[in-house]
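The block underneath contains the structure these notes are about, expressed in structure tokens.
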Amino acid sequence: MVDLGVRIGSLALRNPIMPGSGTFSEELARVVDLNRLGAYVTKSVTPGFRDGNPTPRVAETPSGMLNSIGLPSKGIDHFLAKTVPFYARYAAPLVVSVSADSPEDFAMMAERVSVPGVAAIEINISCPNIEEGGHAVAMEADATYDVVSRMRVRTDWPLWAKLTPNTGSATASARAAEAAGADAVVVANTILAMAIDLETLAPKLGTGTGGLSGPAVKPVILRMVWQCAQAVRIPIIGSGGIMNATDVVEYLAAGASAVQVGTATFLYPKAMVRIVDGLAAWCTERKIARVTDLIGRALPSAAPARRAREA
Amino acid sequence: MVDLGVRIGSLALRNPIMPGSGTFSEELARVVDLNRLGAYVTKSVTPGFRDGNPTPRVAETPSGMLNSIGLPSKGIDHFLAKTVPFYARYAAPLVVSVSADSPEDFAMMAERVSVPGVAAIEINISCPNIEEGGHAVAMEADATYDVVSRMRVRTDWPLWAKLTPNTGSATASARAAEAAGADAVVVANTILAMAIDLETLAPKLGTGTGGLSGPAVKPVILRMVWQCAQAVRIPIIGSGGIMNATDVVEYLAAGASAVQVGTATFLYPKAMVRIVDGLAAWCTERKIARVTDLIGRALPSAAPARRAREA
Amino acid sequence: MRADTLAAVEAPTPLPVPGDEYLGTVLVNAAVNARYKHLVVSAPEAARKIRPGQFFNLLCPPLPDEAVFLRRPMSVYQMHPNGGTVEFLYHVTGAGTRALALLAPGDTLDMLGPLGLGFSLDPAWRRIVVLARGVGLATLAPLAQLAQASGVAITAVLSARSKLDLMSQSVFADAGAEVLTVTDEEGTSAVPQVERLLLDLIRAGRADAFFTCGSNRLLKLLQTLGRAHGIGGQVAIEQQMACGLGMCFCCVRQIERNGTVANLRVCRDGPVFGLHEALSW
Amino acid sequence: MRADTLAAVEAPTPLPVPGDEYLGTVLVNAAVNARYKHLVVSAPEAARKIRPGQFFNLLCPPLPDEAVFLRRPMSVYQMHPNGGTVEFLYHVTGAGTRALALLAPGDTLDMLGPLGLGFSLDPAWRRIVVLARGVGLATLAPLAQLAQASGVAITAVLSARSKLDLMSQSVFADAGAEVLTVTDEEGTSAVPQVERLLLDLIRAGRADAFFTCGSNRLLKLLQTLGRAHGIGGQVAIEQQMACGLGMCFCCVRQIERNGTVANLRVCRDGPVFGLHEALSW
Ligand SMILES: Cc1cc2nc3c(=O)[nH]c(=O)nc-3n(C[C@H](O)[C@H](O)[C@H](O)COP(=O)(O)OP(=O)(O)OC[C@H]3O[C@@H](n4cnc5c(N)ncnc54)[C@H](O)[C@@H]3O)c2cc1C
Ligand SMILES: Cc1cc2nc3c(=O)[nH]c(=O)nc-3n(C[C@H](O)[C@H](O)[C@H](O)COP(=O)(O)OP(=O)(O)OC[C@H]3O[C@@H](n4cnc5c(N)ncnc54)[C@H](O)[C@@H]3O)c2cc1C
Ligand SMILES: Cc1cc2nc3c(=O)[nH]c(=O)nc-3n(C[C@H](O)[C@H](O)[C@H](O)COP(=O)(O)O)c2cc1C
Ligand SMILES: Cc1cc2nc3c(=O)[nH]c(=O)nc-3n(C[C@H](O)[C@H](O)[C@H](O)COP(=O)(O)O)c2cc1C
Ligand code: FES
Ligand code: FES
């Protein structure tokens, strides 16, 4: 029996597979056994009601998809009343993704969602679909530090900062999140991108640009995980283009301690459960006893050990 | 007959299709009629001899490829003696891509390549495969300004600055290039990325990370072109993931005046010529008389005209 | 009758049976005319679950040099719960449908479904009018089966570009429907003509409810007539989708319900909505 | 003899005929054993151009749920310039070769080639030794045809994991070669054993030149023996490729030529290099 368990700070997960925020909801319980997952991550919740962006909100691209959902939300009250209780009947820890328009509102949200039934708080400072021009807090280290540190003083719950790939300095934002007291970083949200309709010659998405996800982004986000793993000591949760168990192996080797699966679930609702099984099978075949043995194996620091093994 | 001609500043091209630097060489003349292209862009040439990076230098990714060639070069003397004369027998203008280790060397290269037979100089300040950690000049606006302005004073030849997607502020670098006197910007070089070998759990590329190209990057680079077209007045040359004529239409609509084709030529050596023919056919079918009519049609500034046409 | 009163009557009832991922076997995939194809798939377990108006989210096979990444939603055109087959009628438009068009008998089709809330017939509706154009037919055809089973009389007004494009008259005729056809070719399909035809049906007492799908132009016409004459009904709406299960919120349309306009998910809250709930777009 | 003198003799001669993109038709794609397949393609124009040791860069068909993006280089295993066919022998390893394995008779195969510089026989070489292991056989097999046509005698030393994995003995035997086989199974394929076997051949005057491919271990052995006994030859080298035409510089290997070590392109400057030019890796 392979031990699939991983730790994200104080939180023990039965396996490293969880959904990405916004690509998962209560509906999935109708198709898969949620108890098989390592954790649940909710759609980002905002202080008040939000309608989301104009349609079309989705477009297809080579090996990927664009979305411009724009964080529709029923607001925090509805969320605490309905969503948190729903997950109480399932085994894995619930991670609540929060978003807000100002650092002060982020801090307020940290306090509001620090309730029993919530195991950790994910900070969505990286959505490319809400601010003008795709801007997001996590593009700058200073702004990242500001939001995370204000939340830190308002809650003892574990804080996971979700970073953006739309920057030349992902490691700087990761370090800022760590310095501000984040317990983990999620690497990363979607890549700002677009597609154009050939009939109208207008952007395909209602908002012009949107976030790219799916296999197309995997090489880019994997690189970010690998860079961040060399920059911070807190655990990294990788997210981008994971379709199968070997994609998870790549992320773990790059330095992630766990992963989030998004787009794959849209194509195959059972993807996450298949990935959990596939990961166990992959490890068994290679006589790897603990999935944690894979973490960081592709990092430069692991190169001497790797060469010794190969020799 | 569709008019495929476009202008990049003072330079008139018979059509908007040219190769991307490093994805084209004299060898292609054995397979296609080079006279059919809009321009030729050479592999980046450096002051002296460079051996390039360790192997493996290539890896496959979903709808794309990673490369870590590392600018092997025989140096500027060999280039002027052999490469420039080779293209003299062909009809289209020759664009020389230059790279160097310091702003001063970039300036020296500008002077050296300002010779008859060279129509324009492309400035490769965006290769992710030569500096530590994938760093490149074009990631920062200041450094971009520095290199371009130093070259500007040393040559009257048209200067095209090739930007990087590995930054949160592509428009700032585009504006810096424009302010420093660039005649056009090429958007963009490859995206820093990686892949991990499942047998060894080490990075697949000899250098760890490399540059992602091919259809996977098209949505990201198209977005950059669209953003830059709203930020600068100089022409934009789009480059990323173009496989066929409709990809070119997307780039033109996003605001590019011409495009560069790279990876497609590796899969189909005749890709560029097929794209030229395909673009003419696409325009003919839609009764578009001049390919320049497509430029910028997806920009916000074109929205009122677009809506009027549709109504 | 006010629009929200109508809406209360006409709102489709939730269906409890969740969709799942099935691997069907293609039996037939034949051209109906130059632009439409008819796909018959053997998928017994899936077939047993379907309610009229539901759809499947289909995984398209790979094309030689074109990527088809997302699934594509397709209404169930004909269902045979006992025969174990599911039929689709589709219009070949882009990469996804071009890929579906390549399926050959014996091939496997990965189909997620049945999904969404289908049509439901209010017991007060004894005579209904179905207005269908183009591929909307595929979505509305199962109504013929449903109405027949419920002893409801149908008048089907089928609209198309040309006589050649008219499909499925027999699906409705076989279910005992009266079939009226209008075409662009004959100049009988423009809004004023169709409006006159519908007014005749209303006057003849044959329009207790309207059903339609797809075309914004026809939806508007039915809403206007419905408001004027106190007639409700249902409309099946389309929107680009990703998950098909209600998770991603890609597929919303503006729906007016209980006095407020909300972005509802076509895949989960629809695709069938009350005729007067749907804001035209 | 010094290594660079050997190199001058053994360097393959440039071939003038450029490759092109051809659409071949698959005639046969059959399993040779559990891991190897044999592909026969009808492509008359391409077939006429091939020189022994050249390769094609093949576009792999799409897999159901796996992307194959780049072409895959494959040596010509057998060529039939008059028959109009080209044959490949390949080892099913990753996505690309798994995709090739799905090709069925009648399918179209997009093949770019023939590419690269092939083998050439120095007139002084009257008796050559070919040392091939595994899929290296595919690359070396055309030497049998070339040698036979030039009246050169071959001794083929074929190495494999097991007797079952030994392929193509007949290709060499039919060309009049003496075939010696060594296997891991029988414990006859280790370097010391093969070395002894080669020394015997040298002593018997049957080794004017060595030819090999693929295995670094065997290349080193031949280089050592060659240096000691003044024997040159040629080696076909592999490296991951993108363009196959010499444009991208993905496919370099370190080659010692004219006294300096340079990164040469396997696709354009090779894949065949002088035995002593190739730095082992
Ligand atoms: C619930 C539902 C049921 C449907 N039933 C049928 C059916 O029975 N038969 C049929 O032929 N079609 C049906 N459609 C529409 C069908 O899903 C689209 O035509 C198909 O996805 C187009 O895919 P494509 O790749 O061929 O074309 P694309 O190139 O993706 O698109 C072609 C054009 O169609 C638009 N489009 C794409 N997907 C959708 C969509 N989901 N909804 C609306 N517009 C879209 C695009 O914007 C574009 O303008 C249905 C759609 C929905 C939502
Ligand atoms: C000139 C040349 C001729 C060749 N001739 C033959 C032949 O006749 N028969 C045959 O079976 N194989 C041949 N090969 C090797 C063949 O190209 C690779 O095995 C194939 O590309 C693997 O593709 P894949 O997608 O199946 O595996 P992948 O998953 O891409 O790779 C499987 C393993 O092979 C390695 N690999 C991939 N491509 C190459 C390559 N081009 N060179 C070296 N290693 C590689 C990878 O790093 C990996 O370890 C030749 C290679 C070259 C360069
Ligand atoms: C439709 C959609 C909605 C998303 N919504 C959110 C969100 O609300 N909050 C968030 O932090 N990330 C959101 N994401 C990003 C995903 O959580 C994930 O990080 C990303 O999609 C990359 O993973 P993937 O390639 O596996 O999809 C969304 C992604 C998609 C595709
Ligand atoms: C193998 C390879 C080598 C490249 N070498 C260079 C180079 O020397 N200089 C440069 O500016 N860009 C270089 N590029 C980037 C391309 O010119 C082009 O901008 C990029 O590949 C995106 O286009 P594509 O998706 O069509 O390939 C290289 C790209 C590849 C794939
Ligand atoms: S398609 Fe995902 S919510 Fe409807
Ligand atoms: S594969 Fe491109 S140079 Fe050899």
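Within every chain, numbering begins at 1; the chains are lettered A, B, ... in the order of the sequence lines, protein sequences first and strands thereafter.
- Residues I221(B) and M194(A) fail the side-chain proximity criterion, which asks for heavy atoms closer than 4.5 Å.
- Both the backbone and the side chain of L222(A) have a heavy atom closer than 4.5 Å to some heavy atom of chain B.
- If you measure heavy-atom distances from L252(A) to chain B, you find no contacts under 4.5 Å at all.
- Heavy atoms of L192(A) lying under 4.5 Å from chain B belong to its backbone as well as its side chain.
- The choice from L198(A), T61(A), T171(A), I191(A) that makes the most heavy-atom pairs within less than 4.5 Å of chain B is L198(A).
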#### Entry: Steps toward side-chain contact (heavy atoms from CB on, under 4.5 Å) verdict (T167(A), N166(B))
CA-CA 7 Å; T167(A) 168; N166(B) 303 310; over 6 Å; no
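- Only the side chain of Q227(A) has a heavy atom closer than 4.5 Å to any heavy atom of chain B.
- In terms of heavy-atom pairs under 4.5 Å with chain A, the best-connected choice from A254(B), P219(B), G241(B) is P219(B).
- Between chain B and the residues G214(A), A216(A), P62(A), the most heavy-atom pairs under 4.5 angstrom are made by P62(A).
- For chain A, the nearby part of L294(B) is the side chain; its heavy atoms alone come within less than 4.5 Å.
- Residue R290(A) qualifies as open at atom CZ: its count of foreign heavy atoms under 6.0 Å is 12 or below.
- Contact check for V220(A) versus L212(B): side-chain heavy atoms found under the 4.5 Å cut-off.
- With rounding to the nearest 0.5 Å, the separation of CD1 in I196(B) from OH in Y251(A) is 9.5 Å.
- With respect to chain B, the highest number of heavy-atom pairs below 4.5 Å among E140(A), R297(A), M224(A) belongs to R297(A).
- Chain B forms more heavy-atom pairs under 4.5 Å with one residue of G210(A), A302(A), A303(A), P203(A) than with any other, namely P203(A).
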